[in-house]
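Heavy-atom basis, side chains included; hydrogens, waters and symmetry copies ignored. Values in this document were obtained by computation on a predicted structure and should not be read as measured data.
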Amino acid sequence: MPVPESDVRPQDAASTAPIASGAHATDGRAAPAGRRSDFAALPLAQAFPLAVIGGVLFALAFPSPGWWFLAYPALACMLLAVMGQRARRAAWLGYVSGAAFWLPAISWAGRYLGPVPWFALALFEAAFFALGSVAIALAYRWVARVVPSTAGRVWGLPAVVAALWTGREWFSGSWPYGGFAWGRVGLSQSQGPFTHLAAYVGVLGVTFVVVYCVAVVLSLALVVPRGPGRPVRVPARVATAGLLVAAVLAVPAWPTATSGTIRIESVQGDGPAGYFDRAAPGSVLNAQVAATDVEAKGVDLVVWPEASAEFDPRQQPVIASALDQVVDAVGAPMVAGAITQTSSGVLHNTSFVWTKDGWQSSYDKKRPVPFGEYVPDRWFFSKLAPSLIGLLQRDYTPGTKPNVLSVAGVRAGIAICFDIVDDGLTTDMARGGAQVILAQTNNADFDGTDENLQQLEIARMRAIETGRSLVNISTVGASQVIDPTGRTIDRVPAYTATSMITDVPLGTTTTPATLAAGSIALLLSLGGLLTLLACAPWGRRRTHRRTARRA
């Protein structure tokens, strides 16, 4: 098979065909027949539609509609689009895939602020897709040249590709300003067959497994066996792909251990909690009080959503009185949220424990959302979009307190809104001895969008990853209680003022993911990058030039 024109530079045109037909490669070693053609680049007329289709299918794998199985053909399309391409074309194809994914996937970002922040975030994140696509395209070019065996190309090369994809997700979830860890392959699989693997390898580990399986199937379809008398056996390849998937599915679910339960009343007040609702002070608090079932029996803990008490009850006697009434009537302590301010004027997004004796302990959100809860480099972005930046008048400061609080005789991990997306904070909760996770959030600014459903599925993956029950309680929904296996054990309708009273299992297990998921993700990322660099042809080209000069 000749090498496509898009894969040949003018200066290499004379030498490319002999390499593909089995002549000597530029490093002086023999190149088996078909060596360059296994992962040859597709013409742009085919690669471009595949890039777009892949991005759109990937978006559909997330809520809504949340068709997780579409992630597999989506990945296949995106890998085929960049496979074997030169770096510049791979970058543009990856950017197209990223834009086709991010624009529909996070359309909720423009719910109130319009298309500018939505497009800015989507197109910025698409740049990471472009960067990752270049690395993957080079892997299919460089690593494929170095790996001589069919087995290496079928099983080894896909591992490098999957590691590079995982590394791209890790990087974009960490930088800049703490990153944006939305839209990972692993997060799309909250309802899929590989979900249980999150307890072993974490969300990024699930990404690696899914991408690896897809890349292996592609290699099985594309790699031509070496040597005479070795025809392509389609049934054998299909059986091999099936065995790979079966082997992964055969991994048993992590045996989550629980010890006892705690009866939690989680309250969804459905108050005017949006930033642009311009509600009168006390409206959200009153809605929460009204939705709390104060006659519920045997409640051990009441949980309200993010910023549900509105302001610091230590500074607002009216708020303290309302909380006292709830605690006295129910006969249990509560965990609520509020905007707090230090004596020096520093603002925090805070979750706190309130008992009959008042304020007991608190957690200040460690990683406020950039351009949502604070504006980084405000002086710079104010010049670019002064009207939009001017809407965000207050900046929350990152907290320093542990995100595990003692309340009602248990240790509760606290996740405030987008905290649940952060890998490090999830690990901190598990290692801090949390027996249950309270995910308090306020989705009112995304009314009528898929944001709350996407966040709920992220929370589901965190429950599985940590082996802990999770109470996802929102001001407006989606509010659910999820057990350590990821199963929903209680829920209430969105945009309804009501509460859930649930006997929530307390987790005691330590999953492998809580011990090593971060290290696994880092090793995979670095391993893929180092392997790619080790296979780079630069050194071999210099050696060939020196040999040619001597000759």
Can any side-chain N or O of [X] pair as donor or acceptor with the backbone N or O of [Y] at less than 3.5 Å?
| X | Y | value |
| --- | --- | --- |
| Trp67 | Ser64 | no |
| Thr166 | Ser525 | no |
| Arg468 | Val436 | no |
| Arg462 | Val421 | yes |
| Glu306 | Asn442 | yes |
| Asp422 | Leu425 | yes |
| Gln85 | Leu42 | yes |
| Thr195 | Gln189 | yes |
| Thr258 | Gly507 | no |
| Arg367 | Gly178 | no |

Quiz item: Which is it for Arg184 and Asp423 under the salt bridge (charged side-chain N to carboxylate O under 4.0 Å, His left out) test, yes or no, and what are the steps along the way?
Solution: CA-CA 12 Å; Arg184 294 173 171 179; Asp423 298 320; 2.9 Å; yes
Over all heavy atoms of both residues, which pair between [X] and [Y] is shortest? Give the atoms and the distance, please.
| X | Y | answer |
| --- | --- | --- |
| Leu93 | Ala81 | CD1-O, 3.2 Å |
| Pro376 | Tyr177 | CB-CE2, 3.4 Å |
| Leu164 | Leu529 | CD2-N, 3.8 Å |
| Gly110 | Trp118 | N-CB, 3.7 Å |
| Leu470 | Ala463 | CB-CB, 4.1 Å |
| Ser351 | Gln440 | OG-OE1, 2.6 Å |

Self-check item: Pairs touching residues 200-214 that satisfy side chain to side chain donor-acceptor pair (under 3.5 Å), sequence neighbours left out
Solution: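 Sorted result for residues 200-214: Glu169-Thr207.
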Spacing of [X] atom [atom1] and [Y] atom [atom2] [to the nearest 0.5 Å]:
| X | Y | atom1 | atom2 | result |
| --- | --- | --- | --- | --- |
| Glu373 | Lys365 | CD | NZ | 3.5 Å |
| Phe180 | Leu121 | CZ | CG | 5.0 Å |
| Met429 | Ile420 | CE | CD1 | 5.0 Å |
| Thr441 | Gln455 | OG1 | CD | 4.0 Å |
| Thr256 | His196 | OG1 | NE2 | 12.5 Å |
| Leu524 | Leu204 | CG | CG | 9.0 Å |

[X] and [Y] aromatic centres sub-6.0 Å:
| X | Y | value |
| --- | --- | --- |
| Tyr374 | Tyr396 | no |
| Phe129 | Tyr95 | no |
| Phe124 | Phe119 | no |
| Phe381 | Phe371 | yes |

Exercise. Identify whether the distance between the nearest side-chain nitrogen and carboxylate oxygen of Arg378 and Asp395 falls below 4.0 Å.
Key: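 Yes, Arg378 and Asp395 are salt-bridged.
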Quiz item: In terms of side-chain geometry, is the basic nitrogen of Arg153 or Asp38 positioned less than 4.0 Å from the acidic oxygen of its partner?
Solution: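 Asp38 and Arg153: salt-bridged.
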Quiz item: Step by step, would you call Phe58 with Ser97 a side-chain contact (heavy atoms from CB on, under 4.5 Å)?
Solution: CA-CA 9 Å; Phe58 192 36; Ser97 291; over 6 Å; no
Self-check item: side-chain contact (heavy atoms from CB on, under 4.5 Å) between Trp379 and Asp377, intermediate numbers included
Solution: CA-CA 5 Å; Trp379 64 271; Asp377 299 320; 4.2 Å; yes
Mind checking whether [X] and [Y] have side chains closer than 4.5 Å, heavy atoms only?
| X | Y | value |
| --- | --- | --- |
| Thr397 | Pro368 | no |
| Leu456 | Asn452 | no |
| Val209 | Val248 | yes |
| Thr426 | Thr466 | yes |
| Trp102 | Leu123 | no |
| Thr514 | Glu465 | no |
| Val52 | Val96 | yes |
| Val201 | Phe208 | no |

Quiz item: When the ring planes of Trp68 and Tyr72 are compared, do they come out parallel, tilted or perpendicular, using 30° and 60° as the limits?
Solution: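 Aromatic pair Trp68/Tyr72 classed perpendicular.
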Exercise. Take Leu218 and Leu79, measure what side-chain contact (heavy atoms from CB on, under 4.5 Å) needs, and give me the verdict at the end.
Key: CA-CA 9 Å; Leu218 287 179; Leu79 292 179; 3.8 Å; yes
Self-check item: ring pair (Phe, Tyr, Trp, His ring centres under 6.0 Å) against Phe418, all qualifying residues, sequence neighbours excluded
Solution: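 Only Trp182 meet the ring pair (Phe, Tyr, Trp, His ring centres under 6.0 Å) criterion with Phe418.
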Quiz prompt | Residue pair Thr240, Trp155: steps toward the side-chain contact (heavy atoms from CB on, under 4.5 Å) verdict | solution = CA-CA 11 Å; Thr240 302; Trp155 303 106; 3.4 Å; yes
Self-check item: Trp92 six-ring centre to Arg89 NZ/CZ under 6.0 Å and within 45° of normal
Solution: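 Here Arg89 fails the 6.0 Å and 45° test against Trp92.
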Self-check item: Partner of Tyr363 under side-chain contact (heavy atoms from CB on, under 4.5 Å), chosen from Asp419, Val404, Leu438
Solution: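 The side-chain contact (heavy atoms from CB on, under 4.5 Å) with Tyr363 is passed solely by Asp419 among Asp419, Val404, Leu438.
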Quiz item: Does a donor on one side chain and an acceptor on the other come within less than 3.5 Å for Thr509 and Trp254?
Solution: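 Trp254 and Thr509 do have a side-chain donor-acceptor pair below 3.5 Å.
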Quiz item: Does the side chain of Thr350 pick up a donor-acceptor pair with the side chain of Asp364 at under 3.5 Å?
Solution: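 Present: a donor and an acceptor within the cut-off.
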Exercise. Tell me, please, which residues at least two apart from Glu457 pass salt bridge (Lys or Arg N to Asp or Glu O under 4.0 Å).
Key: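 Checked Glu457 against salt bridge (Lys or Arg N to Asp or Glu O under 4.0 Å); matches are Arg460.
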